[in-house]
Amino acid sequence: MKRLLLDKLLEARRGKLETVLVTNIESGQQCLVIDGKADGDFKPDAELFAAIRKALRDDRSGLYEDRWFLQVFNPPLRLVLVGAVHIAQALAPLAQMTGYDVVLIDPRKAWATEERFPGIRCVDSWPDEAMSDLALDRRTAVVTLTHDPKLDDPALLAAIKSPVFYIGALGSTRTHAKRLTRLRAEGASEEALARIQGPVGLSIGAKSPAEIAVSVMAQITQVLRAAPPLTPGDTA
Amino acid sequence: MIEADVLATATNWQDQGHKVALATVVATWGSSPRPVGSQLAVDETGRMVGSVSGGCIEGAVVHEARQIMEGAPPKLLTFGVTDEDAWSVGLACGGTVKVFVESLV
């Protein structure tokens with residue numbers, strides 16, 4: 001491996017960029033693909049690029065066509081929760097179990113406590129401020145849970161301006177319609193608003209906070225893996 | 001991540017003037033103790049960081065790595081089960097693993 005390439009790889013990792021190192025295991029030639037841009041001994045063709053994108057999405061290193069080794073260096077998955085509410089108490093540990101770094105934002109200091117959220121990173125500044133500090137990226141999901149426009153709306157406006165892969169907002173269909181009207185008034189485009197999953201989660205008839213957490217985590221997984229929705233009669 | 005630590009250590013060793021080779025698990029079949037993408041860096045003094053197995057093949061990998069850091073071309077090594085008895089009693093090294101070895105230049 002050329003040192004120049006390795007230095008670029010380490011720099012990309014520090015910057016939390018999606019990175020794949022492609023090695024031709026017959027010739028030893030290598031190429032680094034950082035955020036979709038190739039750099040190195042060769043340029044991947046369209047088929048190889050498709051395999052690189054799939055490896056990134058699956059978060060899985062492996063051989064392609066027995067000749068190319070695709071080594072995935074993905075930044076960690078992250079879930080940003082807005083609202084230290086009851087559902088967050090179920091969703092935060094579930095997300096951790098699923099492999100996410102969880103950040104919980106709630107300026108109400110009585111809510112986001114270590115006692116209610118053991119082992120979860122809590123941020124007590126306002127959501128828009130907190131989220132600009134978090135450098136939202138494509139490996140991040142954002143879920144708002146407060147029901148309070150003062151807290152949820154700024155978080156959603158920050159999320160739709162970022163490349164996060166998932167945005168969800170808790171609330172009924174009616175609540176969500178009102179929310180969209182408010183966000184439109186703030187200048188959000190229809191395309192941006194369509195990225196918000198509302199009501200949040202897969203429709204599994206969830207009632208309790210833990211069940212709602214399961215439905216949200218299931219939907220985040222579905223979007224992350226770009227899996228088609230199951231239709232009745234399919235088995236998972 | 002462990003992989004990044006291996007790579008960062010490899011650059012440190014090279015900065016100190018050492019020759020460094022990198023070994024990477026590129027494929028596994030059956031039982032294998034380290035997943036695809038696992039890496040080992042080794043220098044000419046025999047220093048190692050990271051791993052490509054539970055210790056069963058490191059010796060052979062380091063042997064090849066020394067020749068490669070001295071200028072031999074990169075090489076794909078394949079290690080497989082040779083002892084069916086070992087497999088049947090469930091030893092961790094009963095699988096097959098392919099390891100790509102290259103020098104840091």
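Values below: every heavy atom of this structure, side chains too, minus hydrogens, waters and symmetry copies. In what follows, chains are A, B, ... by sequence order, proteins preceding strands, each numbered from 1.
At a threshold of 4.5 Å between non-hydrogen side-chain atoms, the residues B:Leu7 and A:Phe73 count as touching. In this structure, the side chains of B:Val105 and A:Met1 stay at 4.5 Å or more apart for every pair of heavy atoms.
Residue-environment remark: CZ (A:Arg225) exceeds the threshold of 12 foreign heavy atoms within 6.0 Å. Enclosure of atom NE2 in A:His86 is not indicated, since only 12 or fewer non-hydrogen atoms of other residues, nucleotides or ligands lie within 6.0 angstrom. Enclosure of atom CD in A:Glu11 is not indicated, since only 12 or fewer non-hydrogen atoms of other residues, nucleotides or ligands lie within 6.0 angstrom. With a 6.0 Å radius and a threshold of 12 heavy atoms from other residues, nucleotides or ligands, A:Arg3 has its CZ atom above the threshold. By the neighbour-count criterion of 12 heavy atoms within 6.0 Å, atom CD of A:Glu47 is sparsely surrounded, having that number or fewer from other residues, nucleotides or ligands.
Heavy-atom pairs under 4.5 Å with chain B peak, among A:Leu63, A:Asp7, A:Leu5, A:Thr23, at A:Leu63.
For a residue to count as touching a neighbouring chain, one of its non-hydrogen atoms must lie under 4.5 Å from one of that chain's; by this rule B:Leu22 touches chain A with the side chain only. Of the two parts of A:Leu6, only the side chain, counted from C-beta on, holds a non-hydrogen atom closer than 4.5 Å to a non-hydrogen atom of chain B. Contacts of A:Glu26 with chain B are absent, with no heavy-atom separation under 4.5 Å from either backbone or side chain. Using a 4.5 Å cut-off between heavy atoms, A:Leu9 touches chain B through its side chain atoms alone. Contact annotation for B:Ser103: only backbone heavy atoms (N, CA, C, O) come within less than 4.5 Å of a heavy atom of chain A.
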Given B:Val25 and A:Gln71, is the side chain to side chain contact (heavy atoms under 4.5 Å, CB included) satisfied, shown in steps? CA-CA 10 Å; B:Val25 175; A:Gln71 190 169 10; over 6 Å; no

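With salt bridges taken as basic N to acidic carboxylate O contacts below 4.0 Å, none links B:Lys98 and A:Asp66.
Contact between A:Gly28 and B:Pro74 at its shortest, heavy atoms only, is CA-CG, 3.9 Å.
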